[in-house]
Amino acid sequence: MTMDKNFAAVLKLPLVKFAPTYTTGLIAGFFLPVPVCAALFAAAAFAAILPKLLRRKISVCSLGFAVGILLMSLHMILYLEPVADTGGKSLHAECLVNEIEGVRGDRAVYIVSLKIDGLPVKARLFGEDVARTGDHFEALIEFGETDRHGSDISYGITLTGNIREFTLVKHGSGIYSAINTVREKMVSMLRRNIGGDEGALAMSLLFGDSSLVSSGLREAVTVSGVGHFTAVSGTHFTIFFAILLELMAGKQKTARAVISLILIPMAVIFFGASASVVRSAIMLAICSCSPLLLRRSETLNSLCFAVTAMTITSPTVILNAGFQMSVLGVFGTAIVGERFYSEFKLWLPGRMKRMGYIIKPVTVSACAVICTSPVVLHSFGGISLAGAFTSVVLMPFIAVVMLFVLLAGITAMPAMLVPAAVVMRLVCAVVKFIGGFRNLWLPMDFDGAVLLALVCAALISLAAILPKKLFEYGTGGFAALVLTSLIICAAVRSSRCKIDFVSEGGSGAAVIVSKNTAVVYLSGTGSGFAKELTECLRRNGALEIECLIAPDMDCSGALTVKMISDMIPTNAVYSPYYRNSSERSCHQIEIIPIAAEYISVGEITLSTAKTGDESRTEDIVMFEGYMRSVPKNKAGLAIYVSSSQHELPENGINISETNFEIELEKVSEIVIH
C-alpha cells in the first residue's frame, strides 16, 4: 500500500495533471478549424475558472486543455501562416547548418536555421556539397510551396528550398564543430574497421545512418521489432549516460551530477538534437539536478515537464512520431511496466520469482510496446510480436558496442573496435534469425486498428495508474481487447483478397494479394522501388511472392527485384529483358524470359503501357511517363504512376498522389498472356 500512496501523491502533482490535457489541446488546436477551437477554448477556460469563483482549487486539467489549444492556435496564426507565405518566393538569407541529412554525388541536403522577417525558421535546403555542420553561409534561396499540414512541420521544418547562390561566411568553430569532428572520425573508423552487414548495422545502431544496410537485413530489423534502435533516439542517449554513470560510480553524487550536467549538452550535439534526444536530455538533467537540490526526481513528473517545456518552445513537436514514441515508451517502461511487474510477481511461484531479472525486462519492454502501438500502427501498419523480447536481448550488446566505439574514438585506437566487431556479428545473427520468421510481423491495416490499439494502450495505462482494486478490471478489459485484435487480424489475413496499387516516382506496381501470398506486376523500369514495394507487401501480410512480373524492367530494375527477393521469398520472376545467362547471373537472380502482354486476375485483365497509348483495352492499365495535356486511353480504369502527370482523364487515378486499392471476391487464378 505504501507504493500506491506514493504513486497517488505523484498523480496529484500539478504538472502531472496539467500535461495530458495540455497535449490534447495542442493536437486539437492543430487539426480543428478556428471556430471549433474557439468554442472548446471558451468551454475549457470556463471550466477552469468556475471552481475559483466558487473558492475552490482551479481545475488544472481544464486549464491544461485551454492553454494547449490557445498556444497551438496562436502558433498557427502568428508563426506558421506568415512563414508559409514565404513558400514560392526567393530571398537572400544567412543560414547556420544544423545537420546534413545526406549527400548524393556533389549534392547535399542541409537542415539549416535562418531568420525571415525576424522569425526563426528551420528549413531543408538542397545545394552543392560545400558546407559542413556548424558552418554559416549566405545564399539566394528559392523556396517551394509550403504544405501547412505537411509531415515536415512535426520536425520543426517549415520551408523547403533550393540554393541558387552560395557564399561561405565562416566555418563552424567551438565545441559544436569539435564534437562533430570527433563524430565524423568515429564514423570513418567504423567504416574502415568493421565491414559487411556488421559494420553497416553498427553505423545504423550508433549514428542512425542506415544507408549501407542491405535490404535483407533492413527487413529483418523491422520484422524482429528493433527498428527503433536504428534511428538515433532517447534510447541511445540513455544507454550512453548509463555507461557514463557506471564509469563514474566511485565519485560523489554531487560530482557525478555536475559532470553529467556539463556533458548533457555535448551529448545532444553528438547524437543530434532530435525530439526524442532532447526529451531524454531534459529528463536526465532533472534527474542530475535532484541531488544538488536535495530533492527526489519522479519519472512521471520529469516526463511531463519535458513534454511541456518542449511544446511551449515548439508546439508542433507534439505531432512528431519519434517524439510520441519516445514519450509513450518512457511512460510504458517506467510507469506501466513497473506497476505490472510488481503485481505480476505476486502471482509467480517461488522458483519463478528468482528469475525476475529475466521476467521483469520482458514485462517492462512489452508494456512499452503496447503503449507505443497506436503510433507504430499509424506509421507502419503493423507491429512485431517479437519486439519486446528482441529489444531486451539486444540492449546489453548494443551498450557494449557503444562503449568500445566511444573508447576507440577517444583513444584513436582501432584495436578497441575488435570486441565491437565480434559483438556485432552476434547481433546480426540474432536479428537475421528472428527476422527470418515473417509470421512474427502482425499486419493491422484494417479500419479501426489504430483506434483499437489506442484503447488497448489506454486501458493498460489506466490499470497501472488507477487504485489497486481497479487494476483487475483494467487488465481484464485490456486482455479482452488484445484477444479481439488478434481474432480480427487472423480473420482479415485469411480473407484478404485485393489489388493494392503503389508508386514511387516513375515506377509503380499492382500487388495482388490472396491471403498471405502475393503476385506483383511492375509498371516502368522498377528502379529505386524496393522500399515502397516491400512496405506494401509487409502491410498486407504477404509471406511470399508467388511471381513477380516485370515487362519493362531494365538493369537497375533488376537490382530492385533482387533486393525484393532478398527480403521476401520470391518463387519466380518473369521478364523479357534479360535473355542471356551472363546478365541474369550478374544480379544472382533467376529471370524467366517470358513477355507479359497482359495478365488475368479472375475476370479482371491488367496491363502496362506508355502514357497516351490508346491500344490497350484491358480493364486496368498502368501508364508510365507523362503528358502535359490530358492523355487519351481506352482502358476501363487508367492508373498513372508518374508524379508529374497532373492532367487526368475521367477514368484516371494517379497513384503517386493517392493510395488506391480494389477489393476482390476471390483470386482463383492469375494467368500470364
Asker: Could you check whether atom CZ of Phe380 has more than 12 heavy atoms from other residues, nucleotides or ligands sitting under 6.0 Å from it?
Answerer: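 Not more than 12 within 6.0 Å, no.
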Asker: What's the shortest heavy-atom distance between Gln645 and Tyr626, and which atoms?
Answerer: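 Of all heavy-atom pairs spanning Gln645 and Tyr626, the closest is OE1-CA, 3.0 Å.
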Asker: Identify the two heavy atoms, one from Ser503 and one from Ser656, that lie closest to each other, and give their separation to 0.1 Å.
Answerer: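 The answer is OG-OG, 2.9 Å.
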Asker: Looking only at non-hydrogen atoms, find the nearest pair between Pro82 and Ile77 and report the distance.
Answerer: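 Closest approach of Pro82 to Ile77: CD-O, 3.4 Å.
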Asker: Is the shortest side-chain N to carboxylate O distance from Glu624 to Lys610 below 4.0 Å?
Answerer: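 A salt bridge links Glu624 with Lys610.
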Asker: Given Ile545, which of Val573, Val511, Ile568 fulfils the side chain to side chain contact (heavy atoms under 4.5 Å, CB included) condition?
Answerer: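 For Ile545, the side chain to side chain contact (heavy atoms under 4.5 Å, CB included) check succeeds only for Ile568.
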Asker: Does some side-chain heavy atom of Val278 sit less than 4.5 Å from a side-chain heavy atom of Phe323?
Answerer: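 No - every pair of side-chain heavy atoms lies 4.5 Å or more apart.
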Asker: Between Asp500 and Glu661, is there a donor-acceptor pair closer than 3.5 Å when you use the side chain of the first and the backbone of the second?
Answerer: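 Side chain of Asp500 to backbone of Glu661: no pair is present.
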Asker: In plain terms, say whether Arg164 and Glu142 are close enough for a salt bridge, that is, a side-chain N and a carboxylate O under 4.0 Å apart.
Answerer: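 Salt bridge present between Arg164 and Glu142.
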Asker: Are the side chains of Asp129 and Tyr110 in touch, meaning some heavy atoms are under 4.5 Å apart?
Answerer: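 Sidechains of Tyr110 and Asp129: in contact.
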Asker: Output the distance between atom CZ (Phe143) and atom CG (Leu125), rounded to the nearest 0.5 Å.
Answerer: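 CG of Leu125 is found 6.0 Å from CZ of Phe143.
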Asker: Tell me every residue that passes side-chain hydrogen bond (donor to acceptor under 3.5 Å, both in side chains) with Ser607, counting only those two or more places apart in sequence or in another chain.
Answerer: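 Glu618.
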Asker: Before giving the answer on side chain to side chain contact (heavy atoms under 4.5 Å, CB included), spell out for Glu94 and His136 the whole-Å C-alpha distance, their side-chain angles and the decisive distance to 0.1 Å.
Answerer: CA-CA 7 Å; Glu94 181 174 327; His136 290 258; 3.5 Å; yes
Asker: Can you name the nearest heavy-atom pair linking Ile69 to Ala28, along with the distance?
Answerer: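 Scanning both residues completely, I find the closest heavy atoms to be CD1-CB, 4.2 Å.
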Asker: Closer than 3.5 angstrom, by distance alone: can the side chain of Ser379 be matched with the main-chain N or O of Val376 as a donor-acceptor pair?
Answerer: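 Checked: no pair found.
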Asker: Partners of Thr311 by side-chain hydrogen bond (donor to acceptor under 3.5 Å, both in side chains), sequence neighbours excluded?
Answerer: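 Partners of Thr311 by the side-chain hydrogen bond (donor to acceptor under 3.5 Å, both in side chains) criterion, ordered by chain and then number, come out as Tyr22.
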Asker: Might you point out which heavy atoms bring Ser326 and Arg279 nearest each other, and give the distance in Å?
Answerer: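 Smallest interatomic distance, heavy atoms only, reads OG-NH2, 2.7 Å.
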Asker: Run the numbers on Val307 and Thr23 for side chain to side chain contact (heavy atoms under 4.5 Å, CB included), then give the verdict.
Answerer: CA-CA 8 Å; Val307 171; Thr23 54; 3.5 Å; yes
Asker: Could you state the interatomic distance from CD1 (Ile141) to CG (Leu91), rounded to the nearest 0.5 Å?
Answerer: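 Nearest 0.5 Å value for the CD1-CG distance: 6.0 Å.
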Asker: I want to check something: taking the side chain as every heavy atom from C-beta on, are Met567 and Arg538 in contact at a cut-off of under 4.5 Å?
Answerer: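 Contact flag for Met567/Arg538 side chains = no.
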Asker: Please round to the nearest 0.5 Å and tell me the distance separating atom CG of Leu96 and atom CD1 of Ile111.
Answerer: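 One gets 12.0 Å once the value is rounded to the nearest 0.5 Å.
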Asker: Flag the pair Phe30 / Ile318 as yes when at least one side-chain heavy-atom distance between them is below 4.5 Å, and no otherwise.
Answerer: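 No, too far: nothing below the 4.5 Å cut-off.
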Asker: Under the criterion side chain to side chain contact (heavy atoms under 4.5 Å, CB included), I'd like the reasoning laid out for Tyr79 against Val121: C-alpha separation, chi angles, the key distance, then a yes or no.
Answerer: CA-CA 10 Å; Tyr79 179 78; Val121 172; 4.0 Å; yes
Asker: So do the side chains of Arg616 and Asn633 get within less than 4.5 Å of each other, counting heavy atoms only?
Answerer: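 Side-chain contact under 4.5 Å: no.
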Asker: Rounded to the nearest 0.5 Å, how far apart are CD1 of Ile662 and CD1 of Ile639?
Answerer: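 Ile662 CD1 to Ile639 CD1: 6.0 Å, rounded to 0.5 Å.
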Asker: Do Tyr521 and Met622 make a side-chain contact, defined as non-hydrogen atoms from C-beta onward lying under 4.5 Å apart?
Answerer: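 A side-chain contact under 4.5 Å exists here.
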Asker: List the atom of Gly652, the atom of Tyr640, and the distance in Å for their closest heavy-atom pair.
Answerer: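 Heavy atoms only, the tightest pair is CA-CE1, 4.0 Å.
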Asker: Looking at CD1 of Ile564 and CG of Leu533, how far apart are the two atoms once the value is rounded to the nearest 0.5 Å?
Answerer: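 Atom-to-atom, Ile564:CD1 and Leu533:CG are 4.0 Å apart.
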Asker: Quick check: do Leu159 and Ile116 have side-chain heavy atoms less than 4.5 Å from each other?
Answerer: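 Yes, their side chains come closer than 4.5 Å.
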Asker: Has the side chain of Thr316 got a donor or acceptor atom that lies under 3.5 Å from a matching backbone atom of Ile153?
Answerer: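 Yes: the side chain of Thr316 pairs with the backbone of Ile153.
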Asker: How about NZ on Lys498, more than 12 heavy atoms from neighbouring residues, nucleotides or ligands closer than 6.0 Å, or not?
Answerer: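 Enclosed.
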Asker: Quick one: pull up CG in Leu70 and CG in Leu26 and give me the separation to the nearest 0.5 Å.
Answerer: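 Taking CG in Leu70 and CG in Leu26, the distance rounds to 10.5 Å.
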Asker: Counting N and O atoms only, with roles assigned by atom type, does the side chain of Ser575 sit under 3.5 Å from a partner on the main chain of Ala550, one being a donor and the other an acceptor?
Answerer: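 Yes, the answer is positive, given that a donor and an acceptor are paired below the 3.5 Å cut-off.
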Asker: Would you say that Val502 contacts Ile655 through its side chain, given a criterion of any heavy-atom pair below 4.5 Å between the two side chains?
Answerer: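 Answer no - side chains too far apart.
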Asker: With a sphere of 6.0 Å drawn around CD of Glu128, does it hold more than 12 non-hydrogen atoms of other residues, nucleotides or ligands?
Answerer: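 Open: at most 12 neighbouring heavy atoms sit under 6.0 Å from CD of Glu128.
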Asker: Is a side-chain N or O of Ser314 found less than 3.5 angstrom from the main chain of Met310, in a donor-acceptor match?
Answerer: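 Judged by distance alone, no pair lies under 3.5 Å.
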Asker: Would you check, one step at a time, whether the test side chain to side chain contact (heavy atoms under 4.5 Å, CB included) holds for Thr86 with Asp117?
Answerer: CA-CA 10 Å; Thr86 309; Asp117 295 333; 5.6 Å; no
